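The block underneath contains the structure these notes are about, expressed in structure tokens.
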Amino acid sequence: MTPPQMKAPGSHLAGSAPRRAFPLRVADRRRDQIAHRLIGLAAFGTIASIILIFVFVGKEALPVLTSPEVHKEVTVGQMLEKVEPRPGKPKTFIWQPVSDVPKYALPPLVLGSLKATLVAILFATPLAVGAAMYSSEFAPRRAREFIKPVIEMLAGIPSVVLGFFALMVMADWLKVLFGWKYRLNATTAGVALGVAIIPVIYTVAEEALRAVPRQYREAALALGAGPWAAARRVVLPAAAPGILAAIALGFGRAIGETMIVLMASGNAALWTLSLSDSIRTMSATIAAELAEVVHDSAHYHVLFFIGALLFVVTFLVNLAGEVYVGRLKRRLSGIAG
Amino acid sequence: MMTPGGELPSVSGSLAVPARPLAHRARWRRWLSPLPLLTGALTVCVLALLVVILWNVTAGGVGRLTWEFLTTAPKEGMTAGGIFPAIFGTVFLVVLMTLAVIPLGVATAVYLRYYARPDSAFSRLVRVAVNNLAGVPSIVFGLFGLGFFVQFVGRGIDRSFFGGELTFAQPAIIWASLTLALLTLPVVIVATEEAMRAIPRDYLEASYSLGATRWQTISRVVLPNAMTGILTGGILAVSRGAGEVAPIMFTGAAYFLPYLPHKLNDQFMELGYHVYVMSTQSPDVEATLPILYSTVLVLLMLTFALNALAVLIRSRLRRRQVAS
């Protein structure tokens with residue numbers, strides 16, 4: 001689903017109600033006031049909910065930093081430390097929260113999330129930006145009217161369905177294609193994630209390309225450029241910040257996505273850089289373990305801590321993407337008048 | 001720009017603006033040059049992805065899709081029987097979600113359009129909140145639902161109304177639906193705002209000039225005229241909510257229940273969660289696979305049908321606006 005882009009409405013009716021020439025009935029005035037208050041309350045509710053999410057996820061994550069109870073089992077320092085898997089073996093990062101000596105090393109989970117997201121971006125960007133370019137620059141109008149809703153249909157596929165497809169079907173195809181030993185790994189999960197973020201990147205990139213003023217293209221054509229030289233040398237550079245923002249939004253979506261990676265990644269927290277090894281992502285770890293965890297245990301708080309990390313990362317990435325898109329639009333509309 | 005007989009000196013390596021005699025050549029070049037060809041091929045690849053997924057799911061699932069499958073409960077560890085409880089749970093869930101999200105979303109949209117000054121700090125803050133709500137990962141909604149609704153609100157209700165007895169402080173359909181309502185809130189707000197933008201300002205001026213208050217104008221002029229848009233938003237929200245699994249995993253969805261949910265604090269089975277459970281925790285994958293395929297097909301048909309309906313309503317709305 002694409003993040004909604006909201007514009008200021010600039011309504012002439014916003015602000016104060018019109019002045020009137022005759023008095024109102026008391027009941028009407030009272031109803032008007034009550035409605036005003038309730039509607040304002042609802043609007044405040046949206047602000048409140050984002051604050052509540054922040055507060056309540058943060059509240060359960062905080063004991064990881066402060067609680068002596070939790071520190072008996074794990075500290076932040078230990079979450080970033082290598083340990084010996086067995087005496088004498090080389091040290092590595094281990095995520096093994098359910099064992100006699102629980103181990104909570106975060107680096108493999110972060111690396112897992114990054115690996116899947118990297119594959120997703122590498123897979124989705126050429127396809128999505130290419131399709132966006134085709135439908136905004138080259139496609140006949142009728143083809144465009146067909147392509148856009150169909151790609152948006154892709155956004156309507158629930159992620160659990162994509163996860164199912166990756167797990168049951170795509171993993172076999174990719175295994176044959178690449179000759180892997182194990183079918184569920186960073187690449188399988190990443191490609192499925194890529195399918196999920198294609199519509200996100202496509203929609204925002206297409207919007208950025210179409211926001212490039214017509215004068216740019218006309219000027220390029222008038223100077224003797226062919227239509228595709230105009231697209232490549234003029235339109236694409238002008239829309240580049242918007243396309244970057246599209247990729248950033250795709251990144252934000254991919255790193256938080258849960259069901260696909262939970263089902264198709266193999267769920268093994270390994271500290272390797274290979275894209276054909278199984279991974280365990282931050283989101284999948286929460287999804288897989290939270291249901292079985294004891295309330296208020298160290299493990300419970302560590303899972304919320306991971307959730308808080310995810311929340312902060314996606315919040316910042318989305319904010320950056322949004323600011324970028326907004327600035328680009330203002331700049332281009334300033335030129336086009 | 002007519003240059004008789006030919007081409008301008010090349011500026012950037014490519015040829016000149018096509019004059020009329022060259023029109024057909026220009027069209028050829030336009031289609032055979034690398035960039036349109038390349039981007040066209042990439043577009044075909046994206047469309048092919050969709051076709052492959054739909055074809056695979058349909059081919060695998062259509063065989064078992066019978067009336068009996070839709071109306072009976074799973075049997076023998078989900079290797080036989082149907083998915084009725086999951087369908088029932090999904091419908092129950094999205095109905096509760098809709099009841100919560102529509103009033104909240106519509107009121108927020110009304111506030112942004114008819115009450116707030118568009119440049120005021122508060123209305124800008126509301127917009128930032130809505131945009132960010134749309135970007136929060138669904139698993140974080142799940143954590144929030146557990147931490148806030150189940151542990152905090154649920155426990156509060158139990159303490160004050162049930163003498164501390166465990167009633168609402170556990171995963172339940174009400175908490176799952178409220179969590180989903182927050183997740184789908186931006187969808188409803190955006191759709192409602194879009195619908196309200198299309199209401200001609202003459203309507204509002206006519207209403208005000210008759211002496212109506214702002215609330216009377218909103219309830220009798222704005223909302224009836226925005227109804228189609230609100231409906232579209234609701235449908236899109238349902239389609240989105242029906243497909244989300246991560247937010248309901250810890251807030252109310254159950255692996256298997258022998259009864260249908262009938263109270264607000266019951267747990268429930270849900271289609272998406274059912275797909276997840278059957279694909280990852282089935283004791284006998286071979287036996288489950290046909291049922292699993294059909295379940296996926298039902299879920300996909302449900303979300304696609306809702307999306308298509310929303311697109312249809314929206315395009316009719318746009319056509320009417322153009323006409324008026």
Side-chain angles (χ1 to χ4, degrees), chain A residues 3-4 6 8-11 13-15 17-18 28 31-32 35 39 42-43 45-47 49-50 53 56-57 60 127 130-131 133-134 138 151 154 156 158 160-161 164-165 167 169 195 198 221 223-229 232 252 256 258-259 283 286-287 290-291 304 307 310-311 314 318, chain B residues 8 11-12 14-17 30 33 35-36 39-40 42-43 45-47 49-50 53 56 104 107-108 110-111 113-114 116-118 125-127 129-135 137 139-140 143-144 147-148 182 186 190 204 208 213-215 243 245-246 250 272 275-276 279 296 300 303-304 307:
Chain A
M6 303 184 64
S11 160
L13 286 161
D28 285 345
R31 245 176 251 147
D32 194 48
I39 289 169
T46 47
I47 301 182
S49 43
I50 201 100
I53 293 177
F56 272 85
V57 174
E60 302 289 356
L127 288 170
M133 203 149 179
Y134 181 74
F138 306 116
I151 293 185
L154 207 53
V160 69
V161 172
F164 157 83
F165 184 76
L167 170 67
V169 185
V195 176
I198 281 175
L221 293 175
L223 286 171
W228 67 273
R232 189 165 58 92
T258 307
M259 296 318 289
S283 54
I286 301 171
L290 191 64
F304 269 86
L310 266 183
F311 181 51
T314 50
N318 287 333
Chain B
L8 288 171
V11 176
S12 58
S14 61
L15 295 175
V17 175
R30 189 177 158 152
S33 56
L35 203 58
T39 54
L42 290 169
T43 310
C45 287
V46 174
L47 300 184
L49 273 175
L50 182 70
I53 295 172
N56 185 279
L104 195 60
T108 306
V110 165
Y111 179 84
R113 176 127 185 103
Y114 297 111
R117 288 174 203 286
L125 215 58
V126 173
R127 273 170 209 287
V130 173
N131 281 343
N132 277 303
L133 214 51
I139 188 76
V140 174
L143 286 175
F144 171 70
F148 179 69
L182 275 188
V190 170
L204 304 159
Y208 279 131
T213 63
R214 180 148 53 176
W215 169 240
V245 178
F250 337 111
V275 168
Y276 164 65
S279 10
V296 170
L300 205 56
T303 51
F304 270 18
N307 271 326

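Everything numeric in this text was worked out from a predicted model, so none of it was measured. Reckoned from all heavy atoms, side chains included, excluding hydrogens, waters and symmetry mates. Each chain gets a letter, A, B and so on, in the order the sequences are listed, and its residues count up from 1.
Interface residue A:Ile39: backbone and side-chain heavy atoms are both found under 4.5 Å from chain B. The contact between A:Leu167 and chain B is made entirely by side chain atoms (from C-beta outward), counting heavy-atom distances below 4.5 Å. Both the backbone and the side chain of A:Asp28 come within less than 4.5 Å of a heavy atom of chain B. Heavy atoms of B:Thr303 lying under 4.5 Å from chain A belong exclusively to its side chain. For B:Phe304, the part sitting under 4.5 Å from any heavy atom of chain A is the side chain, from C-beta outward, and nothing else. Only the side chain of B:Leu182 comes within contact range of chain A, with at least one heavy atom under 4.5 Å from a heavy atom of that chain. Both the backbone and the side chain of A:Phe311 come within contact range of chain B, each with at least one heavy atom under 4.5 Å from a heavy atom of that chain. Of the atoms belonging to B:Phe250, it is side-chain heavy atoms, and not backbone ones, that fall under 4.5 Å from chain A. Heavy-atom distances place the side chain of B:Leu47, and not its backbone, under 4.5 Å from chain A.
Legend: residues meeting side-chain contact (heavy atoms from CB on, under 4.5 Å) with A:Ile50, ordered by chain and number and at least two apart, are B:Ala129, B:Asn132, B:Leu133, B:Val136. Residues satisfying the ring pair (Phe, Tyr, Trp, His ring centres under 6.0 Å) test with B:Tyr111, not counting sequence neighbours, are B:Phe122.
Residues A:Ile53 and B:Val140 meet the side-chain proximity criterion, which asks for heavy atoms closer than 4.5 Å. Residues B:Val275 and B:Val245 form no side-chain contact, since every pair of their non-hydrogen atoms from C-beta on lies 4.5 Å or further apart. Side-chain contact between A:Pro158 and B:Leu300 is present, with at least one heavy-atom pair separated by less than 4.5 Å. Within the 4.5 Å cutoff, the side chain of B:Leu204 has heavy atoms near those of the B:Tyr114 side chain.
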Legend entry - Pair B:Val126-B:Thr108, side-chain contact (heavy atoms from CB on, under 4.5 Å): steps then yes or no: CA-CA 9 Å; B:Val126 173; B:Thr108 306; 3.9 Å; yes
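The residue among B:Leu143, B:Val296, B:Leu125, B:Val110 with the most heavy atom pairs within less than 4.5 Å of chain A is B:Leu143. Taking chain B as the reference chain and counting heavy-atom pairs below 4.5 Å, the highest number among A:Ala291, A:Ala287, A:Gly307, A:Gly256 is found for A:Ala287. Listed options B:Leu49, B:Leu104, B:Asn56 were ranked by heavy-atom pairs under 4.5 angstrom with chain A; first place goes to B:Asn56. When each of A:Leu290, A:Leu310, A:Thr314 is scored by its heavy-atom pairs under 4.5 Å with chain B, the top score falls to A:Leu290.
Closest approach of B:Leu42 and A:Ala131 over heavy atoms only: CB-N, 4.5 Å.
Using cut-offs of 30° and 60° for the angle between ring planes, the A:Phe138 and A:Tyr134 rings count as tilted.
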